Q: 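Below is one structure. I have some questions about it.
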Amino acid sequence: MEKRGEEEEEDGEEIVCIDRSFFINDDYQLTTFTFGSQVLQLFCLQSASTDFDLTGQLVWPGAKLLNNYISQTPEMLRGCSVIELGSGVGVTGILCSKFCHDVVLTDHNEEVLKILKKNIELHSSSESTGLIAEKLEWGNSHDLNQILERHPEGFDLVLGADICFQQSSIPLLFDTVQQLLCTRDIGHCKFLLAYVSRAKVMDAMVISEAVRHGLLISEVAGSRSVVGNLEGVIYEITLK
Ligand SMILES: C[S@@+](CC[C@H](N)C(=O)[O-])C[C@H]1O[C@@H](n2cnc3c(N)ncnc32)[C@H](O)[C@@H]1O
């Protein structure tokens, strides 16, 4: 018989007969964001409110930090191919597409991928081209290989905004980053990570995982700043 919702079958486990869709809020609002001279409109939620991993339904402070940096340094993107990890609603990748023409936005959550694709559609009719969404779960070689089959030349730039908040996913994130950086010769691909500090243990883990993966990690000069009421910084991460 088909399993319903979060039903558990194991002995001694409580059975909860509530369908997963009950928790999903997809009442997205068209919202305007301004980054320097760039104005973007996107569908997103204004606050997170569910039991499931739907952090990607709204725009996080790290995206604001990274997008302000991108809007001030658009020449960095000219002619570049870009892949974004944990794109959420796509605010960073879509901004990049204003300055370059090959942008792959990724996420692992099916519900988030739906709103990401809707936002890409919203922007594909304007001057932006070359924007696509792909499923990519960090550490999942099958997902990554499928993307690399379609992009055998790899990417010039890997981006991540506010994607370090769950300890167990950080080693997997860096596995994926390392594989992406290795598709290019040293110096030809970098990972820009907009990191927002919420716990000292995570601050240390991001640096130690980068080092454990044989990567160089440094702060982008002048990027350390307050976002919301938290401290953020942009890290540049490259092969050693
Ligand atoms: C806090 S949100 C940030 C979204 C967006 N970058 C922003 O700053 O607004 C984290 C994003 O990472 C995605 N994510 C979390 N764990 C992931 C994993 N293991 N693999 C791929 N994506 C993941 C989530 O689905 C979500 O979209």
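Since we're looking at a predicted model, the values are computed, not measured. Just so you know, ligand 1 is whichever comes first in the structure, and atom 1 is the first atom listed for that ligand.
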Q: Starting from atom 21 (C) of ligand 1, find the nearest protein heavy-atom neighbour and note its residue, name and distance.
A: L136 O, 3.2 Å

Q: Taking 4.0 angstrom as the limit and counting only heavy atoms of L58, give me the atoms of ligand 1 inside it, by number and element.
A: 9 (O)

Q: State, to 0.1 Å, how close L77 and V82 come at their nearest heavy-atom pair, and which atoms those are.
A: CD2-CG2, 3.8 Å

Q: Identify which of N109, D162, T176 has a heavy atom lying nearest to atom 3 (C) of ligand 1.
A: D162

Q: For the pair D107 (side chain) and G88 (backbone), establish whether a donor and an acceptor sit closer than 3.5 Å, ignoring hydrogens and angles.
A: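 Yes, the answer is positive, given that a donor and an acceptor are paired below the 3.5 Å cut-off.
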
Q: Give me the residue, atom name and distance of the protein heavy atom closest to atom 20 (N) of ligand 1.
A: W138 N, 3.1 Å

Q: Is Q178 reaching over with its side chain to a backbone N or O of H213, donor-acceptor style, under 3.5 angstrom?
A: yes

Q: Ignoring angles and geometry beyond distance, decide whether E137 reaches within less than 3.5 Å of ligand 1 through its nitrogen or oxygen atoms.
A: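 N/O-N/O distance under 3.5 Å: no.
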
Q: Can you tell me which residue and heavy atom of the protein come closest to atom 2 (S) of ligand 1, and the distance to 0.1 Å?
A: T55 OG1, 3.5 Å

Q: Need the ligand 1 atom indices (1-based, order shown) with element for anything under 4.0 Å from a heavy-atom of G56.
A: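 Near G56, meaning under 4.0 Å from one of its heavy atoms, ligand 1 has 26 (C), 27 (O).
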
Q: Specify the protein heavy atom at minimum distance from atom 24 (C) of ligand 1: its residue, its atom name, and the distance to 0.1 Å.
A: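 Residue, atom and distance for the closest contact: D107 OD1, 3.5 Å.
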
Q: For a quick test of reading the model, state the closest non-hydrogen atom pair linking F155 to S81 and the distance between them.
A: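 Taking F155 first and S81 second, the nearest heavy atoms are CA-OG, 3.3 Å.
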
Q: What closest approach, in Å, do L181 and L239 show between heavy atoms, and which atom pair accounts for it?
A: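 Nearest pair, atom of L181 first, then L239: O-CD1, 3.5 Å.
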
Q: Angle between ring planes, H108 versus W138, binned at 30° and 60°: parallel, tilted or perpendicular?
A: parallel

Q: Given G86, G88, P61, which has its nearest heavy atom closest to atom 6 (N) of ligand 1?
A: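 Considering heavy atoms of G86, G88, P61, the nearest to atom 6 (N) of ligand 1 sits in G86.
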
Q: For atom 15 (C) of ligand 1, which protein heavy atom lies nearest, and how many Å away is it?
A: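 The protein heavy atom lying closest is H108 NE2, 3.6 Å.
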
Q: Checking T31 against Q46: is there a side-chain donor and acceptor pair closer than 3.5 Å?
A: yes

